[in-house]
Amino acid sequence: MCGIVGYVGPKEAQPILIDCLKRLEYRGYDSAGIAIGGDEINVYKTEGEIAVLEAGMPQMPGVVGIAHTRWATQGRPTTENAHPFQGCEKGVAVVHNGIISNFMELRESLAGDGHNFSSETDTEVFAHLVEAELKEDSDLLETVRIALKRVEGTYAFAVVAPGRPEVVAARNESPLVIGVGNGENFLASDVTALLKYTNRIIYVQDGETVRITKDSVTIMDADGAEVKRAPERIAWSLEDAEKGGYPHFMLKEIFEQPAAIHDSFLGRIDAVEGDEPFLDGGSFSSVKIVACGTSYNAGLVGKYIIEELARVPVTVQISSEYRYSAAARENPLVVLITQSGETLDTIAAAREATKRGNRTLAIVNVTGSAITREVDHVIYTRAGPEIGVAATKTFVTQLVALYLLAIELGTMGRTLTAQAKRSIVGQLRNLPRSVQDVLNQAGTIEAMAQKYSGARDMFFIGRNLQYPIAMEGALKTKEISYIHGEGYPAGELKHGPLALLSKDTPVVAIVTNDRTYEKMIANISEVSARGSPVIAIADANDTEIIKYADDVIFLRETPSLFSPVPVIVALQLWAYHLAKARGCPIDKPRNIAKTVTVE
Ligand code: AGP
């Protein structure tokens with residue numbers, strides 16, 4: 001995954017492009033580059049983060065430009081492989097997010113025509129393709145369209161050419177938006193990059209090629225017909241996309257969770273009460289949830305919630321596995337969960353579900369993202385922009401969406417009485433308060449995390465709904481603190497992993513007050529017997545737990561169906577403070593990116 005931006009206007013492009021690019025750094029940060037247009041195109045690029053680019057680049061005058069921040073997929077993260085690429089010195093420059101799958105074949109053919117290549121990347125061939133097609137009197141947008149006919153794969157491209165006050169761009173399965181300003185226009189991979197400059201956004205669709213000049217926007221569909229599409233006003237503010245005084249986006253996003261949860265069910269309670277349902281009738285015999293990473297863990301919690309409230313059988317599958325599995329003889333509602341809406345594995349799964357004739361519903365955070373065009377129904381989680389690579393507020397709002405969906409399915413299937421539904425809705429409304437209570441304990445959690453931050457391995461255990469929460473706690477911990485975290489159903493420890501426990505292996509145990517409480521106490525006793533320190537997450541009124549645990553994070557008691565929400569918030573803070581104590585780059589952990597657009 002990479003981030004691209006483009007600008008055409010009356011102002012100097014270089015500082016604007018760098019400013020916008022910095023907001024896309026979550027999409028990749030191993031190398032970066034910029035191209036500024038004029039009679040000739042000047043490029044500067046370097047290995048490393050955008051700060052390295054900014055520190056080293058010369059002043060590059062000009063009012064047209066493109067820039068790129070890279071997360072290497074094809075070719076190593078070096079200066080040579082950084083974007084933009086040029087067909088020839090000072091000529092056409094191209095930035096790209098995606099993968100050109102037939103690039104070897106194109107490269108051989110272009111090399112045969114005398115083109116020389118300086119990098120290992122797929123993108124460079126596109127610069128040469130455009131260069132080869134572009135004549136002095138030809139139209140850049142048309143030229144890009146011709147060049148694209150030879151390209152197979154996924155892309156968001158942006159192109160500048162000498163002597164042309166325009167940026168041309170194209171999209172196929174990689175995100176691209178146009179920002180419409182006053183006497184200036186922008187392009188970016190993501191709305192958040194542009195919010196400082198404009199909130200009027202046009203979402204570019206797959207197959208479209210676009211041109212921005214300082215005072216016009218042209219969109220062509222795949223057949224070359226002009227498309228008229230008015231900009232949408234985006235409600236997200238710049239402040240939403242900035243750190244707002246927190247040291248990291250992740251911490252800011254953790255603290256935004258009470259508001260995010262509130263926003264995610266605002267106005268929706270009516271929907272589940274039948275006025276505006278997510279699904280408009282239709283029948284299905286089961287639910288299949290398909291997702292990756294944190295969204296998959298949300299799906300695992302969703303299984304318990306839907307089975308409990310709606311008594312519909314639910315299976316959960318990792319997206320990259322789903323499409324290769326055989327279609328069983330059933331007619332499931334396929335629920336795809338993805339905060340970004342751009343995860344290629346999950347988009348491929350949505351297509352496969354449609355091919356199998358199943359009804360599809362996406363739970364997604366980003367408005368207008370690719371998956372929304374692949375499915376029959378969409379539930380937006382309304383968490384606002386999430387910049388930290390580690391998913392936090394998008395996870396809890398995915399859970400809210402799953403509660404709402406379960407209530408609707410329970411109502412449709414008549415497994416929920418009106419009274420039960422009222423009580424569940426009431427509990428849902430209390431969630432922001434329970435989460436705020438956890439946030440008020442951030443200092444205690446920080447001190448505890450510091451104590452255990454030297455660990456190399458850590459186990460997370462829970463039962464029932466808290467088992468996927470243990471998995472999510474482990475994922476957060478390994479992702480940002482680089483401590484090896486393992487999430488396990490507590491009952492499974494004795495079937496193998498107990499062999500790994502010792503005084504150096506802290507075990508975080510979720511021991512909230514539900515029907516598994518006694519069993520959890522037995523499990524943590526087994527753990528203590530091996531000398532492992534136990535950190536329990538327990539209810540505030542549990543006076544016994546201290547006999548079994550070395551440290552306890554006490555949480556306000558929440559009905560068991562909803563307690564995954566406050567517990568995961570405690571574990572997010574736990575992972576955050578472990579990472580902070582270890583000096584890790586929390587918002588941009590090594591080797592991973594926020595949106596994964598490769599399979
Ligand atoms: C979460 O902290 C991770 N960064 C990652 O597992 C993520 O949840 C996964 O890549 C799926 O992303 P999506 O929700 O955008 O599809």
Side-chain angles (χ1 to χ4, degrees), residues 1 25-29 71 73 173-175 189-190 192 248-251 253-254 257 289-302 316-323 334-350 361-372 374-375 378-381 383-399 401-402 460 468-469 471-482 485 487 568-569 571-576 578-579 584-599:
M1 187 179 79
E25 205 162 19
Y26 72 92
R27 299 180 63 84
Y29 34 82
W71 182 62
T73 51
E173 296 189 17
S174 292
S189 301
D190 184 329
T192 54
H248 297 97
F249 280 114
M250 182 181 176
L251 192 63
E253 287 153 7
I254 290 173
Q257 291 181 112
I289 300 179
V290 184
C292 310
T294 287
S295 297
Y296 171 75
N297 291 338
L300 290 175
V301 183
V316 191
Q317 209 166 7
I318 296 269
S319 308
S320 53
E321 293 297 317
Y322 166 74
R323 63 193 296 208
V334 178
V335 177
L336 300 124
I337 309 180
T338 165
Q339 63 80 21
S340 62
E342 302 285 347
T343 301
L344 201 49
D345 284 327
T346 307
I347 291 171
L361 177 146
I363 295 177
V364 60
N365 193 46
V366 180
T367 320
S369 55
I371 201 152
T372 61
E374 301 285 344
V375 293
V378 177
I379 304 179
Y380 282 112
T381 49
E386 188 177 73
I387 308 294
V389 166
T392 52
K393 60 177 179 166
T394 54
F395 176 76
V396 298
T397 54
Q398 285 168 350
L399 296 188
L402 288 160
F460 295 77
I469 293 300
M471 304 248 297
E472 175 58 9
L475 177 61
K476 284 286 93 81
T477 297
K478 69 182 112 180
E479 184 179 24
I480 60 163
S481 76
Y482 310 155
I568 194 54
V569 175
L571 288 175
Q572 292 164 353
L573 285 167
W574 171 259
Y576 174 84
L578 286 174
C584 297
I586 294 176
D587 284 334
K588 295 181 284 179
R590 69 184 174 214
N591 304 339
I592 39 181
K594 182 78 184 158
T595 307
V596 184
T597 49
V598 289
E599 282 179 277

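Everything numeric in this text was worked out from a predicted model, so none of it was measured. Remember, it's 1-based here, ligands and their atoms both numbered in the order they're listed.
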Would you check if the side chain of N297 reaches a backbone N or O of I469 as a donor-acceptor pair within less than 3.5 Å?
-> no
For E479, which residues count as a side-chain hydrogen bond (donor to acceptor under 3.5 Å, both in side chains) partner, sequence neighbours excluded?
-> none
dist I379:CD1 -> N365:CG (nearest 0.5 Å) comes out at 13.0 Å
Please tabulate, one line per pair, the protein N or O atoms found under 3.5 Å from any N or O atom of ligand 1, giving the distance to one decimal.
residue  : atom   : partner : partner atom : Å
ligand 1 : 2 (O)  : T294    : OG1          : 3.4
ligand 1 : 2 (O)  : A391    : N            : 2.9
ligand 1 : 2 (O)  : K476    : NZ           : 3.1
ligand 1 : 2 (O)  : E479    : OE1          : 2.8
ligand 1 : 2 (O)  : E479    : OE2          : 3.1
ligand 1 : 4 (N)  : V389    : O            : 3.1
ligand 1 : 4 (N)  : E479    : OE2          : 2.7
ligand 1 : 6 (O)  : T294    : N            : 3.3
ligand 1 : 8 (O)  : T294    : N            : 3.1
ligand 1 : 14 (O) : S295    : OG           : 2.6
ligand 1 : 14 (O) : Q339    : N            : 2.8
ligand 1 : 15 (O) : T338    : OG1          : 3.4
ligand 1 : 15 (O) : Q339    : NE2          : 3.1
ligand 1 : 15 (O) : S340    : N            : 3.0
ligand 1 : 15 (O) : S340    : OG           : 2.6
ligand 1 : 15 (O) : T343    : OG1          : 3.3
ligand 1 : 16 (O) : T338    : OG1          : 2.7
ligand 1 : 16 (O) : T343    : OG1          : 2.5

Side-chain donor-acceptor pair present, T381, K393, cut-off under 3.5 Å | no
Is it the case that Q398 and S295 place a side-chain donor and acceptor less than 3.5 Å from each other?
-> yes
Show the numbers, then the answer: is there a side chain to side chain contact (heavy atoms under 4.5 Å, CB included) between T392 and Q257?
-> CA-CA 8 Å; T392 52; Q257 291 181 112; 4.1 Å; yes
